[in-house]
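Data block below; observations after.
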Amino acid sequence: MNCELIFYLAAKTNLCEKALESSLKSFKLKFRTSLFATDSDALGALIIDAFEKTNVVFIVGGLSQKDKSGIENILSKALANKNPDDLKKLKNPLSSTDGYLIRQGGQLLIALPDDPAQIEAIFKGPLKTYLESFTSI
């Protein structure tokens, strides 16, 4: 199954991509493309386009920003007055920068920090179990 990767205000993009690819091997998920956004409008457009092509989208970066450009703020506004089927905070055992998982129907959006070690740590937690059930559908 193909998925999309969007880097948003991210650092260490090459290392993060390698950590994600390694973590996704057992789920039979493969990145179709890697995209980059530097503002919320570009991010929104990329997410919409990505979900037209695939059902799984990863966003890496933007979680450490606590202002209006941060992922938490953007997702909060996008989800206002909506009730996704699943909305989970993905506990990060290495940092206070947790990830997020949002599922609506057959579409899944996962936001992760832009640190390879933190990505791998989050994948070893509940995200692994969740993806196993999601990709087996």
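All values derive from a computational prediction rather than experimental measurement. Nothing fancy with the numbering, it's 1 onward along the sequence. Hydrogens, waters and symmetry mates play no part in the numbers below; they use all other heavy atoms, side chains included.
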Residue set satisfying side chain to side chain contact (heavy atoms under 4.5 Å, CB included) with L94, at least two apart, ordered chain then number -> N92, A117, Q118, A121
Taken in chain and number order and not counting sequence neighbours, the residues that satisfy side-chain hydrogen bond (donor to acceptor under 3.5 Å, both in side chains) with S95 are T97
Side chains of residues 41-52: which donor-acceptor partners sit under 3.5 Å, not counting sequence neighbours?
from: D49; atom 1: OD1; to: K53; atom 2: NZ; distance (Å): 3.2
from: D49; atom 1: OD2; to: K53; atom 2: NZ; distance (Å): 2.6

Check your understanding: Do I119 and L131 belong together in a cluster built from hydrophobic side chains that touch within less than 4.5 Å?
Key -> yes
Joint cluster assignment, I102 & L90, ILVMFWY side-chain distance < 4.5 Å: no
So the salt bridge (Lys or Arg N to Asp or Glu O under 4.0 Å) pairs with at least one residue in residues 2-11 (sequence neighbours excluded) are E4-R32
Separation between CZ (F31) and CG (L5), nearest 0.5 Å, reads 4.5 Å
Listed pairs under 3.5 Å, donor-acceptor, residues 69-77 side chains, sequence neighbours left out:
from: S69; atom 1: OG; to: D67; atom 2: OD1; distance (Å): 2.7
from: E72; atom 1: OE2; to: Y100; atom 2: OH; distance (Å): 2.7
from: N73; atom 1: ND2; to: K68; atom 2: O; distance (Å): 3.0

Applied to residues 64-83, the ring pair (Phe, Tyr, Trp, His ring centres under 6.0 Å) test, sequence neighbours excluded, yields none
Closest heavy-atom pair, L63 versus P113, reported as atoms and distance to 0.1 Å, is CD1-N, 3.2 Å
Those residues at least two apart in sequence (or on a different chain) that pass ring pair (Phe, Tyr, Trp, His ring centres under 6.0 Å) with F7 are F36
Less than 4.5 Å apart, side chain to side chain, heavy atoms only: is that true for L79 and P84?
yes
Check: Under a 4.5 Å cut-off applied to non-hydrogen side-chain atoms, are L108 and L101 in contact?
Finding: yes
- prompt: When clusters are formed by joining ILVMFWY residues with side-chain heavy atoms under 4.5 Å apart, either directly or through shared neighbours, do V60 and V57 land in the same one?
  reply: no
Closest heavy-atom pair, D114 versus L9, reported as atoms and distance to 0.1 Å, is OD2-O, 3.9 Å
So salt bridge (Lys or Arg N to Asp or Glu O under 4.0 Å) across residues 116-128, not counting sequence neighbours, yields none
Rounded to the nearest 0.5 angstrom, the CZ-CZ distance for F27 and F123 is 6.5 Å
Here the salt bridge (Lys or Arg N to Asp or Glu O under 4.0 Å) pairs for residues 87-104, sequence neighbours left out, are D85-R103, D86-R103
Side-chain donor/acceptor pairs under 3.5 Å, residues 11-26, sequence neighbours excluded:
from: K12; atom 1: NZ; to: D115; atom 2: OD2; distance (Å): 3.3
from: E17; atom 1: OE2; to: S34; atom 2: OG; distance (Å): 2.7
from: S23; atom 1: OG; to: A19; atom 2: O; distance (Å): 2.9

Between the CG atom in L109 and the CZ atom in F58, the distance rounded to the nearest 0.5 Å is 9.5 Å
